[in-house]
Amino acid sequence: MNILDRIIVDKKREVILKKSIIPVSQLEASVFFGKKTISLSQNLRNSNSGIIAEHKRRSPSKAEINYSFTVEEVVKGYEDAGACGISVLTDGKYFGGSLDDLLLARASVNIPLLRKEFIIDEYQILEAKAHGADLILLIAAVLTREEIKSLSEFAKGLGLEVLLEVHNLEELEKSIMPTLDMIGVNNRNLKTFEVSLDFSKQLADQIPNDFVKVSESGISSIEAINELKPYGYKGFLIGENFMKTDNAGKAATEFISKLI
């Protein structure tokens with residue numbers, strides 16, 4: 001069993017437990033259910049930098065990245081830096097995140113927030129909306145076409161945008177549908193954790209222009225972004241590169257200033 005399989009097994013258990021104690025009606029009572037969401041896809045289309053900055057404390061591939069910042073410090077730093085949106089990890093066991101991180105981020109900034117999570121159930125999409133997210137991530141590697149369709153339709157019904165993550169042509173071909181807003185190519189193989197920008201380059205022509213193209217993982221330099229832009233990429237998700245520094249917001253500011 002690879003790391004992704006283990007995460008999904010744990011996630012299924014987690015969702016069952018959460019459903020048993022927090023009813024849907026409680027999530028729907030959140031003040032955020034009446035709030036209009038902010039469009040990340042629109043921000044990316046209109047941006048020169050296209051940076052989606054991530055709040056990530058640790059990961060399975062890098063045990064600890066950074067535990068010394070508060071969520072507020074990180075996300076405000078990202079907003080001030082000019083990020084188009086912010087990705088907030090909410091998985092606890094493997095990434096050290098939580099839904100509270102999403103809530104604190106929402107209280108701190110007015111730019112689009114992505115709930116970065118292994119979503120397998122509509123309940124998690126309700127959680128995302130209830131905690132202030134503007135969009136969700138769906139990972140093609142762990143979902144069937146039917147699941148991608150039903151989950152993306154459910155998200156759109158709540159006014160949330162959808163970023164669909166793929167890693168190869170097979171995942172892309174099974175996933176293309178009108179209920180997606182953005183298609184992200186993960187440059188990290190989630191089964192081996194090998195990283196290469198070639199994944200983004202190889203899939204670029206296969207992604208229809210109806211969708212905003214996003215490149216994720218392994219982007220640590222201005223050169224990498226300049227290399228990917230000619231392939232039609234408008235969004236670039238960067239987490240570890242900022243979080244591993246002493247000041248994530250300052251690192252993002254310096255990075256983005258070189259792109260504008």
Side-chain angles (χ1 to χ4, degrees), residues 14-15 18 21-44 46-47 50-58 65-92 95-119 121-138 151-152 154-163 165 181-182 184 212 214 216 235 237-239 242-243 247-249 252-253 256:
E14 182 185 303
V15 171
K18 284 187 165 186
I21 54 166
I22 299 175
V24 167
S25 58
Q26 187 173 326
L27 295 173
E28 290 176 337
S30 161
V31 292
F32 296 116
F33 255 77
K35 178 187 169 290
K36 193 177 184 311
T37 47
I38 313 163
S39 171
L40 177 62
S41 62
Q42 208 56 51
N43 278 11
L44 293 175
N46 299 330
S47 169
I51 299 300
I52 306 162
E54 190 159 82
H55 179 272
K56 177 163 73 173
R57 292 187 183 88
R58 62 182 167 91
I65 299 166
N66 205 321
Y67 274 85
S68 61
F69 301 133
T70 66
V71 174
E72 182 187 14
E73 285 169 338
V74 173
V75 299
K76 278 192 166 172
Y78 286 161
E79 183 177 45
D80 292 344
C84 291
I86 297 171
S87 166
V88 181
L89 263 300
T90 61
D91 174 78
F95 291 89
S98 72
L99 278 165
D100 275 352
D101 290 344
L102 184 57
L103 203 59
L104 290 168
R106 179 75 292 156
S108 305
V109 298
N110 288 306
I111 58 175
L113 294 179
L114 163 69
R115 180 185 187 189
K116 184 88 171 282
E117 180 58 90
F118 299 86
I119 289 182
D121 193 289
E122 289 179 357
Y123 185 84
Q124 294 163 290
I125 302 174
L126 289 169
E127 286 181 323
K129 179 72 175 173
H131 290 77
D134 298 289
L135 65 150
I136 58 154
L137 177 75
L138 295 179
L151 291 170
S152 59
F154 188 77
K156 299 299 280 184
L158 293 175
L160 297 168
E161 286 194 323
V162 179
L163 169 61
E165 177 180 300
D181 300 282
M182 293 152 278
V212 176
V214 178
E216 308 169 19
L237 195 146
I238 301 178
F242 299 148
M243 288 296 293
N247 187 325
T253 301
I256 292 169

**Report entry** Test item: Leu237 and Leu114 side chains (from C-beta on) under 4.5 Å apart, heavy atoms
**Finding:** yes
**Report entry** Verdict with reasoning, Leu104 to Thr70, per side-chain contact (heavy atoms from CB on, under 4.5 Å)
**Finding:** CA-CA 9 Å; Leu104 290 168; Thr70 66; over 6 Å; no
Query - Heavy-atom check, side chain of Leu40 versus side chain of Asp134, under 4.5 Å - result: no
**Report entry** Identified side chain to side chain contact (heavy atoms under 4.5 Å, CB included) partner of Ile52 from the options Leu44, Ile238, Ile86
**Finding:** Leu44
Report task. Indicate the atoms forming the closest heavy-atom contact of Cys84 with Pro112, along with that distance. Result -> O-CD, 3.3 Å
Requested in this report: Work out which heavy atom in Glu161 is nearest to a heavy atom in Ser41; give both atom names and the distance.
Outcome: OE2-OG, 2.6 Å
Query - Salt-bridge contact Lys56-Asp101 (side-chain N to carboxylate O under 4.0 Å) - result: no
Report task. Sort out for me which residue in His131, Arg115, Glu127 forms a side chain to side chain donor-acceptor pair (under 3.5 Å) with Thr90. Result -> Arg115
Report task. Work out which heavy atom in Ala130 is nearest to a heavy atom in Ser30; give both atom names and the distance. Result -> O-OG, 2.8 Å
Requested in this report: Determine the minimum heavy-atom distance between Ser108 and Val75, stating which atoms define it.
Outcome: CB-CG2, 3.7 Å
Query raised in the report: Just by modelled atom types, is the Phe118 backbone N or O under 3.5 Å from a matching donor or acceptor in the Gln124 side chain?
Result: yes
**Report entry** Heavy-atom check, side chain of Lys18 versus side chain of Leu99, under 4.5 Å
**Finding:** yes
Query raised in the report: Side chains of Asn110 and Glu79: does their closest heavy-atom pair fall under 4.5 Å?
Result: yes
Query raised in the report: Heavy atoms, side chains only, cut-off 4.5 Å: are Tyr78 and Ile51 in contact?
Result: no
Query raised in the report: Between atom CD1 of Ile111 and atom CG of Leu113, what is the distance when rounded to the nearest 0.5 Å?
Result: 7.0 Å
Query raised in the report: Passes side-chain contact (heavy atoms from CB on, under 4.5 Å), Leu137 versus Ile119? Steps please.
Result: CA-CA 7 Å; Leu137 177 75; Ile119 289 182; 5.9 Å; no
**Report entry** Minimum side-chain heavy-atom gap Thr37-Leu160 below 4.5 Å
**Finding:** yes
**Report entry** Any side-chain heavy-atom pair of Leu126 and Gln26 under 4.5 Å
**Finding:** no
Query raised in the report: Is there a donor-acceptor contact under 3.5 Å from the side chain of Ser87 to the main chain of Lys116?
Result: no
Query raised in the report: Judged by atom type as modelled, is there a donor-acceptor pair below 3.5 Å linking the side chain of Asp181 to the main-chain atoms of Val162?
Result: yes
**Report entry** Rounded distance [0.5 Å steps], NE2 in His55 versus CD in Glu72
**Finding:** 11.5 Å
Query raised in the report: For Leu102 and Ala133, which heavy atoms make the closest approach, and how far apart are they?
Result: CD2-CB, 4.0 Å
Query - Glu216 (side chain) donor-acceptor with Glu165 (main chain) under 3.5 angstrom - result: no
Query raised in the report: So how far is it from Met243 CE to Leu89 CG, rounded to the nearest 0.5 Å?
Result: 9.0 Å
Query raised in the report: What heavy-atom pair brings Thr253 and Gly77 nearest, and what distance separates the two atoms?
Result: OG1-O, 4.4 Å
**Report entry** Side chain to side chain, Phe242 and Val74, heavy atoms closer than 4.5 Å
**Finding:** no
Query - Interatomic spacing from CD in Glu122 to CG in Leu151 - rounded to 0.5 Å - result: 6.5 Å
